[in-house]
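Since the structure comes first, as structure tokens, the remarks are kept for the end.
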Number of protein chains: 2
Amino acid sequence: MPSDTKTALLDVAEHAARARGFDGFSYADLADAVGIRKASIHYHFPTKADLSAALMDRYHAALEGECRKIEASHDTGSKRLRALIQLYRDALNDGKTLCLCVSLISSRESLSEEVIEKIKAFRTMMVQRISAVFELGQKDNTISGVTDPPSEARATLALLEGAHLTARAEENTITFDEAVAVLKSRC
Amino acid sequence: MPSDTKTALLDVAEHAARARGFDGFSYADLADAVGIRKASIHYHFPTKADLSAALMDRYHAALEGECRKIEASHDTGSKRLRALIQLYRDALNDGKTLCLCVSLISSRESLSEEVIEKIKAFRTMMVQRISAVFELGQKDNTISGVTDPPSEARATLALLEGAHLTARAEENTITFDEAVAVLKSRC
DNA sequence: GTCTATATCTTGATAGAC
DNA sequence: GTCTATCAAGATATAGAC
């Protein structure tokens, strides 16, 4: 089992990155929150690039797991799409945190190449999962107006992430709900 | 006429903010780019909060002007919506810069209250303008499937901003085009 | 694994000369 | 309006003791 400290650091770092962006949090912040000195963090994550890579790895795995859970517990396209929207809604934390890959990409030039690749891989994975949902919704006729599932998937991911930003501006969930209302009305 | 230096600073700062985020650029960067010392910048913009407020003011006015131009030169809902999509597409700069309010909001906790209010005001303005486009498109029957223009407007703004993020990740325009393809197919 | 101590650099901002 | 000089605070990162 990896040390609890490492997990605690990842937890705190993920929240910090999603709330304040990559350039908006420091090792000092993490040290304060976890209760160790900032030099000690370098034992677990030598550089901030290492930390953010670990962050993206964990986030990718977690979201992929959530998608799998949704597929396992919902049998129609519309139910899966609704669950996916709810997943992003929950990730908002009342407008206080963005999706990790959204908050990171705004600081693109501060990121390592490795992290940028991980962000791209994450997005590819999500588009594939969402595309499968639309494909099912087209077949079982539970999502209206689907002509091209991959296009719908790319639009949906953009919409969900954009709705996150909208809600972050107002720091509430209402704005998110308003932005996804049209999509929801289709399923 | 305000000094050329002030305009040059705003130009450079806007590009920097949109490319690297609020926490990702410094007075030193601007000084280098404009060719003066960083202390001199404080004469024009005493604090970074003042600078970002000026940035938002100018951005708000510029985008509102672009919207008015679109309304003046296109007479149908579908034409106006297409022009609006093109406006955001151009703002991408081949995936190198985001919309200013997107890049700022990711660093929400670093912003002054004043700037946050300006971001909200900008979004309200854009939603109203886009809503009017959908209303026209509904009346003149050039945009398909419109039931509630304000909802469509909020979804469209979220989609356009989300598509910006998508394209920023890949640093190209293709991803933007893919994300807005479904919307485009409606007009 | 965590600590103290330190190095080095960058940050936004101010004072005061020209 | 722009400069030099300077500041205090913060950043990431390293060395070496415990």
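Naming convention: chains lettered A, B, ... in sequence-line order (proteins, then strands); numbering from 1 in each chain.
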> A:K48 has an atom NZ; how far is it from atom P of D:dT14, in whole Å?
Replying inline: 15 Å
>> With a 4.0 Å cut-off on N to O distance, would you call B:K118 and B:E113 a salt bridge?
In response: no
> Does the side chain of A:H42 get closer than 4.0 angstrom to OP1 or OP2 of C:dT2 through an N or O atom?
Replying inline: no
> With respect to the phosphate group of C:dG1, does any side-chain polar atom (N or O) of A:S40 fall under 4.0 Å of OP1 or OP2?
Replying inline: no
> Can you name the closest pair of heavy atoms from B:K48 and B:F22 and give their distance?
Replying inline: NZ-O, 2.7 Å
>> Can you measure B:I36 atom CD1 to C:dC18 atom P for me and round it to whole angstrom units?
In response: 21 Å
>> Distance check needed: D:dT2 C1' versus B:H44 NE2, whole Å only.
In response: 8 Å
> Using a distance-only test with no angle check, is there a side-chain donor-acceptor pair under 3.5 angstrom linking B:D4 and B:T7?
Replying inline: no
> Just how far, in rounded Å, is P of C:dT14 from CZ of B:F45?
Replying inline: 16 Å
> Taking the side chain of A:K38 as heavy atoms from C-beta outward, which of D:dT12, D:dT4, C:dA13 is closest to it?
Replying inline: D:dT12
> Taking all non-hydrogen atoms of both residues, which atom of A:A163 and which atom of A:V180 are closest, and how far apart?
Replying inline: CB-CG1, 4.1 Å
> Whole-Å distance between D:dT12 C1' and A:F25 CZ?
Replying inline: 12 Å
>> Distance check needed: D:dT2 C1' versus B:L9 CG, whole Å only.
In response: 12 Å
> If you check the B:Y43 side chain, which of D:dG1, D:dA15, C:dG1 turns out closest?
Replying inline: D:dG1
> Are any of B:T47's side-chain N or O atoms less than 4.0 Å away from OP1 or OP2 of C:dG12?
Replying inline: no
> Can you check the A:Y27 OH to C:dC9 P distance for me, whole Å?
Replying inline: 20 Å
>> Using the side-chain heavy atoms of B:R37, tell me which of these nucleotides is nearest: D:dA11, D:dT4, C:dC3.
In response: D:dT4
> Rounded to the Å, how far apart are B:L30 CG and D:dT2 C1'?
Replying inline: 16 Å
>> Can you identify which nucleotide, out of C:dT14, D:dA15, C:dT2, has its nearest atom closest to the B:A39 side chain?
In response: C:dT14
> Shortest non-hydrogen contact from B:A13 to B:L30?
Replying inline: CA-CD2, 3.7 Å
> OP1 or OP2 of C:dT10 less than 4.0 angstrom from a side-chain nitrogen or oxygen of B:S26, does that happen here?
Replying inline: no
>> With a 4.0 Å limit, can you tell me whether A:T5 has a side-chain N or O closer than that to the phosphate oxygens OP1/OP2 of C:dT2?
In response: yes
